[in-house]
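Any value given below was found using the heavy atoms of this structure, including those in side chains, with hydrogens, waters and symmetry copies removed. Model, not experiment: these values are computed from the prediction.
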Amino acid sequence: MLSRSAAGLYWMGRYLERASHLSRLLRQQTESLADSPPRDIYFGWHRIYGALDREPLSGALELDSDDLFALVDSFALADDLTFEPTNPDSIRSCFAQGRENARQMRHHISAEMWTCLNQSHLRLQDMEMQDIWVRSPENFYAETAAEIDTFRGVTSSTLYRDDAWHFVQLGNYIEKVQLSASLLMAQIAAVHLFEVPADAYWTSLLRHYYAFEAYNRASSAAIESDRVLGLLVTNPQLPDSLSLSVSQLCNELAAIGPGPDTEATARTRSQAEYLRQLVGIEWPGGADGQALLERIDDGCRQLHHLVTKTYFDYPVLAPDHGRADRHDQ
Amino acid sequence: MNFDSYDLDPAVFDEMFGADGTPHPHCRDLHDTLGSMSSADLGAIGEWVTRSFTNEGITFTVYGDDEETERIIPIDSVPRVMSAGEWADLTAGLKQRLSALNRFLEDIYGEARIIADGVIPADMVRGCPQYRLEMRGFRAPHGVWVAVCGTDLVRTNNGFRVLEDNLRVPSGVSYMLAIRKATKSAHRLLYRLSRVRDIENYGLILARTLRELAPEGRSDPTMALLTPGIYNSAFYEHMFLARQIGADLVEGRDLLVEDGYVYMRTTSGLKRIDVIYRRVDDDFLDPLVFRPDSLLGVPGLLHAARLGNVSVVNTPGTGVADDKSVYAYVPDMIRYYLDTEPLIQNVETYLCRRPDDLEYTLDNLEHLVVKRVGESGGYGMLIGPHSTPEERNEFAALLRADPADYISQPTLALSRAPCLIEGRLEPRHVDLRPFILTGAETRIVPGAFCRIALRRGSLVVNSSQGGGGKDFWVLDD
């Protein structure tokens with residue numbers, strides 16, 4: 001497959017996963033606005049901004065115990081993460097970039113995928129925060145996440161299982177692992193900052209990963225941070241766990257086949273295996289747990305770099321030394 | 001829905017009605033169907049067609065428009081209909097014309113007999129900006145310089161006329177296919193009853209044509225469609241066609257030339273390309289030969305083509321044959337190369353390089369259409385009857401300063417077809433761009449991109465200037 005096309009599909013997968021992740025986080029956050037105390041609301045914003053490694057447009061977050069201020073702040077913060085045009089990671093920006101990648105690669109995706117994505121993009125294009133805030137912001141985020149899920153379903157139903165599929169999936173899983181590692185680190189940091197290890201902070205994390213029921217099934221004990229983190233990182237049966245995401249990432253990489261440079265291909269696959277080992281060990285907890293997440297995060301960034309150098313942006317060898325002739329008849 | 005307020009003008013051919021106000025025989029079904037529909041029904045169909053284009057992102061890009069680069073072409077849901085007999089006559093004329101044009105290109109970049117024999121002035125050919133000296137002696141595969149041609153036709157009360165030949169990178173075929181898909185779905189029953197000839201196999205025929213032009217010995221050629229990229233106005237079409245013909249959609253940066261072969265960069269290494277359907281203008285194709293500042297092309301591409309290791313379709317240098325001045329000589333080319341009379345006439349053309357023609361043009365500016373030779377897309381032209389005295393004065397000065405850069409033609413009464421305008425059926429001027437494909441043989445799908453001048457009285461059909469499109473049905477016998 002053309003390298004630029006593969007890169008476009010890979011990034012489409014990444015941007016849509018980013019939009020999905022943020023939509024789910026914001027859904028949960030806006031749901032909490034109805035009845036949570038201001039402290040919990042600010043905790044949620046800290047966690048989200050920490051995970052994105054971003055500072056709000058209005059400056060650093062400060063805890064305000066006034067309900068009204070918490071709501072006003074929340075409007076501005078949600079707007080920053082949803083529609084702010086200068087924020088490349090806002091939901092609308094991610095959609096626009098995912099859709100732009102799809103537009104450039106339309107000949108590689110199905111017509112149904114394109115129509116599905118384009119309709120979502122058109123819906124978002126003219127919206128403003130005020131439009132969704134006066135009604136039900138949580139419904140808006142739920143619908144947005146559902147639209148991405150629909151797109152994935154359409155992709156799964158209509159896209160031929162060639163390299164186009166594998167690069168979309170690879171982008172999706174690399175983004176998922178990186179976002180999850182960042183979110184878990186942000187969760188730990190926010191809990192330390194707020195100094196109140198409230199169960200609610202951990203149950204909301206479990207709910208974000210659709211893992212609350214799984215946690216209850218696996219553990220009869222009360223909510224414990226290390227048990228939660230252990231489940232989210234190492235459980236191979238949980239759909240959004242780091243363990244399963246890394247495993248799927250490795251499968252996609254194996255399906256793609258070798259790049260033009262054997263050594264580069266080997267390094268990329270080794271890096272993926274290294275990640276698999278990291279998420280396969282028992283959750284160590286405490287400072288070691290934090291260090292493990294940092295390694296996963298860093299390892300995932302390295303993997304992205306290696307994928308880019310192996311498949312998209314490799315140094316060109318003269319055809320006689322490369323593998324061009326294998327296509328000739 | 002009725003045609004009570006439909007305004008027939010005896011000076012203008014109407015695609016649905018004869019001069020006596022009754023529908024042409026082949027239009028009766030469409031006429032009766034439209035008559036049985038309410039304005040609301042027809043409006044709903046129009047909205048549905050437009051919405052389907054919006055949802056599917058069937059767009060074109062407007063240059064210099066910072067606010068909105070992607071636009072939806074306005075679609076009229078009322079098809080234009082043609083009988084099988086009329087279409088057969090047209091296709092014969094189109095094939096004849098393209099055959100002569102290919103012979104002309106092979107000749108002028110070779111022996112140049114047509115110049116030596118005094119049929120066409122040497123300076124008109126060699127002084128044309130689209131004449132590419134670098135292509136002298138080039139051997140196009142099978143002598144096919146133009147494999148994909150989009151000929152603009154207009155109809156008057158005196159029959160069809162060729163307005164221009166688009167021989168470089170003609171566009172619009174994706175709209176032909178997309179409009180058909182939407183209109184067919186909107187007028188399902190009428191479509192079935194009318195026995196409309198199918199055009200869906202255009203992609204297969206294009207792919208077959210390109211394969212036929214592959215370098216010798218490449219029986220299963222790798223094909224690529226070379227696009228300038230997403231900011232090109234026709235990017236949607238490039239993507240659409242790449243998909244239709246099973247080619248990779250590549251940009252110049254995806255390709256490289258090594259040892260006289262063209263390769264594309266794939267995830268598994270370099271892969272040789274045999275046929276490039278290029279949608280990049282000559283100027284930007286190869287910075288080693290044409291514009292050195294081009295970032296859109298591939299250094300060394302022309303060298304590889306000259307070696308016969310890759311086929312570039314259409315061949316660079318074809319623009320000289322669709323130059324607006326050279327156009328005036330196409331009937332002579334047909335007589336010269338094919339020893340027969342043209343089946344489709346040209347529009348009468350005054351070459352302002354000739355003193356008499358210049359004088360006539362200056363004296364009749366208010367009646368003529370004046371076109372700059374090197375412009376396209378409806379730009380750089382004066383439509384005399386719709387112009388102001390100031391605009392005519394401005395053009396007169398331009399003509400005197402560089403007469404060879406202009407031609408003029410009488411203002412044609414382009415035919416009109418019924419269009420749904422604000423809930424009513426009103427006539428609007430239309431043209432027709434069929435697509436002619438030449439590989440080992442010449443083939444034409446029975447369809448065309450029918451462009452509409454949506455503004456009342458306007459003759460400008462270009463999508464970049466407010467024009468729209470509608471489906472064009474060729475009926476079976």
*What residue, out of M1(A), Q119(A), R4(A), has the most heavy-atom pairs lying under 4.5 Å from chain B?*
R4(A)

_Greatest number of heavy atom pairs closer than 4.5 Å to chain A - which of L249(B), D248(B), D274(B)_ = L249(B)

_Residue among R99(A), M105(A), H108(A) with most heavy-atom pairs under 4.5 Å to chain B_ = R99(A)

*Under the ring-ring contact (aromatic ring centres under 6.0 Å, His included) criterion, do W11(A) and H304(A) qualify, and how do the steps go?*
CA-CA 11 Å; W11(A) 276 108; H304(A) 162 74; 5.4 Å; yes

*asked:* Counting heavy-atom pairs closer than 4.5 Å to chain B, which one of L2(A), T115(A), N118(A) comes out on top?
replied: L2(A)

_Which atoms of A224(B) are under 4.5 Å from chain A, going by heavy atoms: the side chain, the backbone, both sets, or neither?_
neither

*Under 4.5 Å heavy-atom distance to chain A, tell me which part of Q244(B) shows up: side chain, backbone, both or neither.*
neither

*Would you verify whether the NZ or CZ of R265(B) falls within 45 degrees of the ring axis of Y314(A) while also being under 6.0 Å from that six-membered ring's centre?*
yes

*Heavy-atom distances under 4.5 Å only: say whether T54(B) touches chain A with side chain, backbone, both or neither.*
both

*Residues in side-chain hydrogen bond (donor to acceptor under 3.5 Å, both in side chains) with S90(A), at least two apart?*
S93(A)

*Step through it carefully: locate the ring centre of Y311(A), locate the ring centre of F167(A), and say whether they are under 6.0 Å apart.*
yes

*Can you say whether the rings of Y263(B) and Y261(B) are parallel (under 30°), tilted (30 to 60°) or perpendicular (over 60°)?*
tilted

*Matching residue for E200(B) among R180(B), K184(B), K181(B) - test: salt bridge (Lys or Arg N to Asp or Glu O under 4.0 Å)*: K184(B)

*asked:* Quick check on A7(A) against chain B: is it the side chain, the backbone, both or neither that has a heavy atom closer than 4.5 Å?
replied: neither

*Is it the side chain or the backbone of Y236(B) that comes within 4.5 Å of chain A heavy atoms, both, or neither?*
side chain

*Within a strict 4.5 Å, meaning less than it, do heavy atoms of the R24(A) and Y141(A) side chains meet?*
no

